[in-house]
2 protein chains.
Amino acid sequence: MTFEKSQSAGFIVNHLARLFAKGLQDRIAPLGIVIGQFPILLELWEKDGVTQKELLERLDLEQATLANTLTRMERDTLIRRTKNPSDARSQKIWLTERAMAIKEHAYQAAHDQNAFALSGLSSEEQAQFLALSERVIKAMRP
Amino acid sequence: MTFEKSQSAGFIVNHLARLFAKGLQDRIAPLGIVIGQFPILLELWEKDGVTQKELLERLDLEQATLANTLTRMERDTLIRRTKNPSDARSQKIWLTERAMAIKEHAYQAAHDQNAFALSGLSSEEQAQFLALSERVIKAMRP
DNA sequence: ATCACTTGCATAGCTTGCTATTCAATATTA
DNA sequence: TAATATTGAATAGCAAGCTATGCAAGTGAT
């Protein structure tokens, strides 16, 4: 059997993801955040004061990955945690001023990176690309 | 400004890549290899007895990433290294019997995973998806 | 021939993902 | 109520990516 990397969906998609990540990374670095914090911040900008479990439900991550990233975010003064009066096992997670202040800049960075990545495609092709990607995800999702 | 993850190319592509990786991971685990070793094995199955530098030129990885993965591959008896008579700084990298023996199974696994991932698309759509992806990569590549 | 530059690779240290395990708090059931 | 099960979160340990740095071997220029 033969195998051609350059025509393998797996390789192509991996390459895509790494280029995307690198591009966004560079754009958000000046804000003092890193890419793994991005999805978490997005959720918290929508609604904070939630428990880790509630946050987890809105994210596509394993619990341990989230816990570790939250620890780094606390270290980096992006979040604080307070006691949850109704359950001593859990805590409530809050954004700091600093994290709230960068929201718009971060949105802009993500928009810019997406626009840049798709800049070689027409609007129709962009829509097609996203739609096809969604269908591939659907096929693979357990 | 607003930001909708589910319509963000970056998030979608990241999700895609993780599902792909997980799927291939599961298929190759029985062969005793892991996903980071896969691209390297593909190149070595084509041609081994090469230096790290030659290998690096054929891969889309940083030198340090390759060096570390090669160390794990040696630990896992997938490769051996011999002296390079023409340059004492470098070594030649050779596949072991074990690594050679799994080649066809690994190709098959990758084929199967790609087919599975794209199974929700028609042949035309599959070609479209790959072509669009390539163009997105081209736009982002430095 | 020596001194400086370049090159090939390794190492250190970080992030972000994972699985497996642990532990304390809470809930359930006999 | 006591024993057991479940749940929320943390921790350990690994892989694979990155940047930055170090080091020894080779190359070149004076």
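Numbers restart at 1 for each chain; the letters A, B, ... are given by sequence-line order, proteins then strands.
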Gap between atoms [atom1] and [atom2], on [X] and [N] respectively (whole Å):
{"X": "Lys83(A)", "N": "dA9(D)", "atom1": "NZ", "atom2": "C1'", "answer": "15 Å"}
{"X": "Glu62(B)", "N": "dG8(C)", "atom1": "CD", "atom2": "C1'", "answer": "15 Å"}
{"X": "Leu61(A)", "N": "dT19(C)", "atom1": "CG", "atom2": "C1'", "answer": "14 Å"}
{"X": "Gln25(B)", "N": "dA16(D)", "atom1": "CD", "atom2": "P", "answer": "7 Å"}
{"X": "Asn84(B)", "N": "dG26(D)", "atom1": "CG", "atom2": "C1'", "answer": "12 Å"}
{"X": "Gln63(A)", "N": "dC23(C)", "atom1": "CD", "atom2": "P", "answer": "15 Å"}
{"X": "Leu66(B)", "N": "dC18(D)", "atom1": "CG", "atom2": "P", "answer": "10 Å"}
{"X": "Asp87(A)", "N": "dA24(C)", "atom1": "CG", "atom2": "C1'", "answer": "11 Å"}

For Asn68(B) and Asn68(A), find the nucleotide of DNA chain D closest to each by heavy atoms; which residue's nucleotide sits nearer the 5' end? Asn68(A)

With a 4.0 Å heavy-atom cut-off, tell me which residues in residues 27-55 of chain B come close to DNA chain C, sorted by residue number. Thr51(B), Gln52(B), Lys53(B)

Give a yes or no on whether a salt bridge exists between [X] and [Y], defined as a side-chain N under 4.0 angstrom from a carboxylate O.
{"X": "Arg72(A)", "Y": "Asp76(A)", "result": "no"}
{"X": "Glu43(B)", "Y": "Lys5(A)", "result": "yes"}
{"X": "Glu74(B)", "Y": "Arg81(B)", "result": "yes"}

Please classify the nucleic acid contact of Thr65(A) as base, sugar-phosphate, or nothing, using heavy-atom distances under 4.0 Å. base

Using a 4.0 Å heavy-atom cut-off across all strands, classify Ala21(A) as base, sugar-phosphate, or nothing. nothing

Are Val34(A) and Leu61(A) co-members of a hydrophobic cluster defined by side-chain heavy atoms under 4.5 Å apart? no

Distance-only donor-acceptor test (3.5 Å): side chain Gln91(A), base dA9(D): no

What pairs of residues pass the ring-ring contact (aromatic ring centres under 6.0 Å, His included) test when at least one of them lies in residues 47-100 of chain B, not counting sequence neighbours? none

Thr69(A) vs dT16(C): side-chain N/O to OP1/OP2 distance below 4.0 Å: no

With a 4.0 Å limit, can you tell me whether Arg81(B) has a side-chain N or O closer than that to the phosphate oxygens OP1/OP2 of dA10(C)? yes

dT19(D), dA25(D), dA15(D): which one has an atom nearest the side-chain heavy atoms of Arg72(B)? dA15(D)

Quick one: side chains of residues 101-108 of chain B, donor-acceptor pairs under 3.5 Å with protein atoms, not counting sequence neighbours, listed by atom name and distance.
unit_1    : atom_1 : unit_2    : atom_2 : d
Glu104(B) : OE1    : Met1(A)   : N      : 3.0
Gln108(B) : NE2    : Asp112(B) : OD1    : 2.9

Both Arg89(B) and Arg18(B) contact DNA chain C. Which one's nearest nucleotide lies toward the 5' end? Arg89(B)

For Glu4(A) and Ser6(A): C-alpha separation, side-chain torsions, deciding distance, then whether side chain to side chain donor-acceptor pair (under 3.5 Å) applies. CA-CA 5 Å; Glu4(A) 193 42 67; Ser6(A) 61; 3.2 Å; yes

